[in-house]
Amino acid sequence: MALLSVDELTVTFGGRGRASKAVDGVSFDVDQGQVVGLVGESGCGKSVTSLALMGLLPSKGVELGGRADFDGTNLLTMSQRELRDMRGSQLAMIFQDPLSSLNPVVPIGVQVTEILQRHRGLKGEAARKEAAHLLDRVGIPDPTRRLKEYPHQLSGGMRQRALIAMAVACAPRLLIADEPTTALDVTIQAQILELLKELVDEEGTALLMITHDLGVVAGLCDQVNVLYAGKVVESADRHELFAHPMHPYAHGLLESIPRLDAPRGEPLKPIRGSINDRIAWADGCAFAPRCDYYTMECLTGTPALTEPAAAGHQVRCVNPVREPVEIATLDTPDVTATAHGGTSA
Amino acid sequence: MTAYLIRRLFAAMMLLLVVSAVTFAIFFLVPRLGGQSIDELAVQYVGKDANPDSVAAVKKNLGLDQPLIVQYYDFIKAIFVGAEYKFGPDASKCDAPCFGYSFRSHIEVWPEITQRIPVTLSLAVGAAVLWVISGVTIGVVSALKRGSFIDRLAMAVALLGVSLPIFFTGLLGLALFTSQWPIWESVDYIPITEDPGEWFWNLIIPWCSLAFLYSALYARLTRAGMLETMGEDYIRTARAKGLRESKVVVKHGLRAALTPIVTIFGMDFGLLVGGAIITEQVFSLQGMGAYAVQAVKDSDLPIVMGVTLVAAFFIVFCNLIVDLLYAAIDPRVRYS
C-alpha cells in the first residue's frame, strides 16, 4: 500500500454562488522512499494541494473533498489536534521563500529547537545539541554560532538549509517540498536539490516535490504528475514522461524548453494563451482552448484518465500526442556533479 | 553599542538644550518683543508692595538687566551647579539642580516639581500596566476572531474609548462610584510610601479612566499588527511544525507585531509622565500637569520653564529607552 494515497482531492474556495475549485479531483500515490513530482504552472493548484495535505488551509471558506490517506488514515477528516501531532513529525514541509518562511525576530536556534521540543521532548542543552547536529547535517558550517543568529544574517541558501533542517528534524515519513528552489540562485538550487536527494536516500523518506521546473523533475523525481487547472492530466514514470509526453499540455511544456543546440534565430515554442483561457472540466477538457490538437470531441465532458500506450502511463486526453519531443539538451541541473559545498551557500 | 549609546545620549542632551532655549525664548523673549519691559517682569517678583527701589533690586539680583543670552546661560548653569539669589536683605542658596524661584511663592521650583513627580508617575505607571495588558489582549483576541461578534464588540468599545474624552469618562466614573454607588468615598492621592494599600485603592478610578482611553488605541493597533503578522509565511512554517496555536500566536505572531506597539508606548508614556493634565484636573491630583496649569494661569514663568524641561526630559528619555529596546525586539535593527 502506498504511504500517501490521494484520491479525487477537491479544494473549493469561497462560499455558495462564487465558489472556485482550485483543486478539482486530483489523484496520485506516493510510496515509501519515492520521489513524486507535482508539476504545473502557477495557479494549477499544486501549492493548494500540498497545503490541503498538511491541513494548513484556513478552516473558513474552504471546502475539502475526496480522500488523502496517509498510512491508512484520511488526513482530510483529521481534527486539528491530530493533524498538529502529525505535522512536523510524520509529515513535514519545505516552503518556497526561505526568507519570509523564517520568523525574522526569532533566532534560528529557537526555530529549530521548538520542533524538537514539540515532537521529541528535547529541552535545553540536549535540544541545542541536536539542533546544531541538524544544521551540520544539512551542510551549514559553524552550526553552534548559527543557532544564535537571526534569519537576516544567513544567506538565501543557508536559510533554505535551515528550513530543511527543521523539516527533517523529527525524521518525517513524507516530506513535501513546495518549490524549494524557486527563490534561490541557480548554483544554490543545485546544492539544495542535491541535499534533498541525499536526505531522502539516507532516510528512506518519501518526497512530494511541487515545482514548475521540469529541470528539477528530471533530476530528482521517480514519478511525475502533471497538473492542469486542478486536475492531473498526465502521470508517468520520469523517463517515460520525458521520452513520450502524450498530453498536449505536457508535450507543450517540454517543447517550450529553450534548446541550446537549436539553430540561431529559431523562435521559442510557447504554449499559447494563459491558464485563464479555460473551460470548466465539467464541459470538456480545460486545456482545449489552448490546445493545437483539439477536436469537437474534447468538448463532450471531462476526459477520463486512460493508458493509451504504456502501462502506468496515464493520460487525460481524447487525442493524445504520439510524436516524441526532441530534447537534446534538457536544461537539467546536474545534481550529482555539483559539489556538496555548504560553505559557498 | 557603547559608541551608539554615547551618541544617542549626546543627541538627547542637545535636544533638551534646544527645548530649554525655545521655552526660554517663548517666556522671556516673546513678551519683551510684545512690549513688556524688564521692569514689568521684575514687578511680578516683587508683588504687591512694588516700589522703584525694590524693583531695581530684584532686577539686579535676578540678573534681569543682563542681556537675554547671559540670562539663559545663568539659567542653564544654575541647573548644573546651583545659584544664589538675593531677595531684599536675605540671600538664599538654590542647590543644583536649580530651576529658579517661583514668582508667586518665592520658593524654589525644583523641590516643588520633585514633590509632584511621584503623583504623576503613580498615575502613569498604573494606567500603563492596565492599558498595555488589556489593550494587547483585546487586540490579539479581536485579530484571531476577526469578523466575529467579539471582534465587532471590542472594536465598537475601542472606538468609544478613543472618542470619549477623559473629562467625560473620568467624571462619569467619579459620579458613579463615589455618589451613585459609593464604593469610594473620594479620590485622594496617598503616597505609596505612606500606605501602599490606600495608594492603590485611591488610584483605581483614575487608572481605569486613563487606561480606557489608551487601551482602546492599543487594542486597535495590536489588532492591525496581528492581522498582518498572522498572514505571514513564517506563521505557516510554525504551524507546519505542529506547534500549538497558542505558541504560534504568542511566540511568532505577537512577537513580530510588538515593534510598533513599543514605539507608540514609549511616546505615550513619556508624554504622560510629563503631566496628565486633564486627568489630574478631573481627579484633583496634584501632579505635574496640574502644577503646570496652575503656573500658566499665574504666569509663573520659572515654574512653567521647569515643568516643561522635566516633561521634555521624560519624553526624550522614554524614546531613548525605546530605541535601545528595538534591538531586543527586532534584531534587524542595527545600532549605526
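Only heavy atoms go into these numbers, but all of them, side chains included; no hydrogens, no water, no symmetry mates. In this text the structure is predicted, and so the values were computed from the model without any measurement. Below, chains carry the letters A, B, ... as their sequence lines are ordered, and counting in each starts from 1.
Contact of L83(A) with chain B is not made at all, since no heavy-atom distance falls under 4.5 Å. The contact between N103(A) and chain B is made by backbone and side chain atoms together, counting heavy-atom distances below 4.5 Å. No part of L99(A) comes within reach of chain B, as not one of its non-hydrogen atoms sits under 4.5 angstrom from that chain.
Partner of Y234(B) under the side chain to side chain contact (heavy atoms under 4.5 Å, CB included) criterion, chosen from P151(A), P104(A), S101(A): P104(A).
Within 6.0 Å of CZ in R145(A) there are more than 12 heavy atoms belonging to other residues, nucleotides or ligands. The environment of CZ in R120(A) is crowded: more than 12 heavy-atom neighbours from other residues, nucleotides or ligands sit within 6.0 Å.
Salt-bridge check for K251(B) with E114(A): passed, with a basic side-chain N closer than 4.0 Å to an acidic carboxylate O.
Under the 4.5 Å side-chain criterion, counting only non-hydrogen atoms from C-beta, M166(A) is in contact with K241(B). Using a 4.5 Å cut-off on side-chain heavy atoms (C-beta onward), T237(B) and L102(A) make no contact.
Using modelled atom types, no side-chain atom of H119(A) and backbone atom of L243(B) make a donor-acceptor pair closer than 3.5 Å.
Put simply, CZ on R84(A) and CD on E245(B) are 6.5 Å apart, with the number rounded to the nearest 0.5 Å.
Using a 4.5 Å cut-off between non-hydrogen atoms, the part of residues 105-113 of chain A that approaches chain B consists of V105(A), V106(A), V110(A), Q111(A).
Summarising the geometry of R87(A) relative to R239(B), their closest heavy-atom pair is NE-O, 2.8 Å, with the distance given to 0.1 Å.
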>> Pair F95(A), D233(B) - check side-chain contact (heavy atoms from CB on, under 4.5 Å), show working.
In response: CA-CA 9 Å; F95(A) 297 97; D233(B) 285 352; over 6 Å; no
